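Quick caveat, the model's predicted, so the values are computed rather than measured.
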Amino acid sequence: NDEPWRTNSLYALNVASGEESRILDDNHNIYSPLPSPDGKWLAYFSRVVDVTDIPSSLVVMSIDGTDSRVITAQYDREVEDFTWSTDSQLVFTLSSEGTVNPYRYDPQSDTSEQLHSGLYDIEQITVNADGMLAMSVSTPHNPQELYTLDGDTFTEATTFNHAWLSEVYVQDVHELRFQSPHGEVQGWYIKPVGYEDGKTYPLALNIHGGPHATWSYSTKTMWHEWQFHAACGYAVFYCNPHGSGGYGEAFMRKLHGAWGPVAMDDIMAGVDAFLELGIADPERMAITGGSYGGYMTAWIVGHTDRFKSAVSQRGVYNINSFYGTSDVPVLMSNEFDAEPWENHDALWDNSPLKYATNITTPLLLIHSENDFRVPIEQAEQLFAWVRRGTNTPVHMIRY
């Protein structure tokens with residue numbers, strides 16, 4: 001089973017005899033196991049059972065289960081993808097502070113090394129018989145191409161997007177690190193097309209989902225949206241608030257039991273740091289996000305009136321009803337240490353719906369009928385509360 005939400009174990013099957021033997025215990029979810037070509041090692045992802053807000057571990061174990069090594073322990077970071085080379089070297093990609101770069105682990109010497117470094121995001125990686133790496137790579141100036149890494153030579157191998165990129169404006173991505181009440185946070189901004197010094201522009205604040213996802217200099221799933229906002233004249237800002245992956249376990253756990261207030265502190269501190277640059281107009285700010293980003297959009301406009309408009313997409317708004325309708329109820333009980341019948345108030349206090357009648361920001365809700373992760377009943381509730389409980393303009397688009 002490759003789904004980390006489920007409880008998975010690991011078994012060995014003797015093909016000749018048909019005998020099955022269990023290798024691991026009930027304390028960890030095991031997924032994506034992959035044996036080495038020489039048959040000596042097994043690599044797999046591991047996550048502690050009933051814990052969703054610590055990074056998963058990449059583990060290499062001898063095939064008989066006697067020697068287990070947590071490869072990611074020295075990095076305190078999360079692996080995105082891994083594969084074996086033909087000579088049984090483990091090649092993996094590590095997410096860290098807005099980049100995803102390639103590494104190699106040698107099980108014989110129990111050592112690892114970074115193979116290349118850059119401001120890019122690797123989604124998938126594989127290795128040929130000669131040791132050359134092939135990767136799907138997003139960069140700040142290209143949403144995706146295939147690249148190869150042969151020794152120290154990093155080469156763009158395809159040009160799928162080049163013709164289109166020659167016809168559009170692509171704006172540079174700038175890093176912005178800032179302090180929030182909870183510590184340093186990393187963010188990024190993109191100036192609008194046609195930007196002129198001394199002028200201010202409307203702000204499009206984007207918030208990621210998860211809540212333990214991570215955005216980067218060039219996240220493929222958001223590349224077009226950010227650049228489109230900039231092309232429409234917006235100054236774009238986004239960040240990785242506490243709870244995001246790519247910064248270690250302590251950073252990720254900071255959000256535990258407090259999804260709204262901690263991330264809001266971080267996000268608003270980032271907005272203020274960006275406004276200090278004089279690029280965006282504080283009187284023309286819009287906010288948007290999807291899934292947990294939708295949760296945070298609703299949470300923030302329920303606690304401040306600083307934004308002129310909000311677009312909340314497929315968001316979680318009522319944690320108690322989400323528990324009964326989503327395909328991942330365990331997410332909520334794990335993140336808040338309670339089942340709804342044990343502590344209804346704790347989940348309600350952390351639900352944006354509780355604060356819906358405080359919303360004065362014009363709000364657009366977008367949701368899909370067949371969303372099983374975040375069911376559409378979440379948007380229906382928020383729409384009804386804002387529509388009936390306030391004078392705030394609210395619209396809902398259902399797909």
(request) Indicate whether any N or O donor in one side chain lies under 3.5 Å from an N or O acceptor in the other, for Thr214 and His208. (result) no
(message) Salt bridge check, Lys254 against Glu249: does any charged N sit closer than 4.0 Å to a carboxylate O?
(response) no
(request) Assert yes or no for the condition that the ring centre distance of Trp215 to Trp223 is strictly below 6.0 Å. (result) no
(message) Using a strict threshold of under 4.0 Å (side-chain N to carboxylate O), is an ion pair present between Lys354 and Asp349?
(response) yes
(message) Does either side chain, that of His344 or that of Glu339, offer a donor lying less than 3.5 Å from an acceptor on the other one?
(response) no
(message) So that I can tick it off, tell me whether Arg69 and Asp67 are bridged by a salt bridge, with the cut-off set at under 4.0 angstrom between side-chain N and carboxylate O.
(response) yes
(request) Hey, can you tell me if Trp164 and His224 have their rings parallel, tilted or perpendicular (30° and 60° cut-offs)? (result) tilted
(message) Between Asn128 and Met132 (side chain of the first, backbone of the second, donor and acceptor by atom type, cut-off under 3.5 Å), is there such a pair?
(response) yes
(message) Tell me if the CG atom of Asp345 is crowded by more than 12 foreign heavy atoms within 6.0 Å.
(response) yes
(request) Could you tell me whether the side chain of Tyr201 and the main chain of Glu196 form a donor-acceptor pair under 3.5 Å? (result) yes
(request) Determine, using ring centers only, whether Tyr399 and His367 are less than 6.0 Å apart. (result) no
(message) Between Ser326 and Arg373 (side chain of the first, backbone of the second, donor and acceptor by atom type, cut-off under 3.5 Å), is there such a pair?
(response) yes
(message) Any side-chain to backbone donor/acceptor pair from His242 onto His182? Under 3.5 Å, distance only.
(response) yes
(request) Give a yes or no on whether a salt bridge exists between Asp371 and Arg314, defined as a side-chain N under 4.0 angstrom from a carboxylate O. (result) no
(request) With rounding to the nearest 0.5 Å, note down the distance linking OH in Tyr317 to OH in Tyr295. (result) 12.0 Å
(request) Using distance alone, with no hydrogens and no angle criterion, decide if Ser62 and Asp64 have a side-chain donor and acceptor under 3.5 Å apart. (result) yes
(message) So Ser321 and Leu353, do their side chains get closer than 4.5 Å, heavy atoms only?
(response) no
(message) If you take the centroid of each ring, where Trp contributes its six-membered ring, are Tyr189 and Tyr238 closer together than 6.0 Å?
(response) no
(request) Decide if atom OH of Tyr234 counts as having more than 12 heavy atoms of other residues, nucleotides or ligands within a radius under 6.0 Å. (result) no
(message) Measuring centre to centre across the rings, with the benzene-like ring taken for any Trp, is Tyr120 within less than 6.0 Å of Phe154?
(response) yes
(request) Please answer whether the main-chain N or O of Ile359 pairs with a side-chain N or O of Thr392 as donor and acceptor at a distance below 3.5 Å. (result) yes
(message) Pair Glu335, Arg253 - check salt bridge (Lys or Arg N to Asp or Glu O under 4.0 Å), show working.
(response) CA-CA 9 Å; Glu335 296 275 333; Arg253 292 280 289 180; over 6 Å; no
(request) Among Phe336, Trp348, Trp341, find the one that has a ring pair (Phe, Tyr, Trp, His ring centres under 6.0 Å) with Tyr323. (result) Trp341
(message) Looking at Asn318, is its backbone amide N or carbonyl O close enough to the side chain of Ser351 to form a donor-acceptor pair, meaning the two atoms are under 3.5 Å apart?
(response) no
(message) Tell me whether Arg306 is salt-bridged to Asp272, with the criterion being a basic N under 4.0 Å from an acidic carboxylate O.
(response) yes
(request) Indicate yes or no for a side-chain donor-acceptor contact from Glu78 to the backbone of Ser56 under 3.5 Å, with no hydrogens or angles considered. (result) yes
(message) Checking Trp188 against Phe237 for the ring pair (Phe, Tyr, Trp, His ring centres under 6.0 Å) test, could you report, in this order, the C-alpha distance in whole Å, the side-chain angles of both residues, the deciding distance, and whether it holds?
(response) CA-CA 6 Å; Trp188 295 268; Phe237 177 73; 8.9 Å; no
(request) Using the six-membered ring wherever Trp is involved, compare the ring planes of Tyr75 and Tyr103 and label them parallel, tilted or perpendicular (cut-offs 30° and 60°). (result) perpendicular
(request) Using atom types as modelled and distance alone, determine if a side-chain donor or acceptor of Asp81 lies under 3.5 Å from a backbone N or O of Ile125. (result) yes
(message) Testing the 3.5 Å rule here: is there a donor-acceptor pair between the side chains of His141 and Gln171?
(response) no
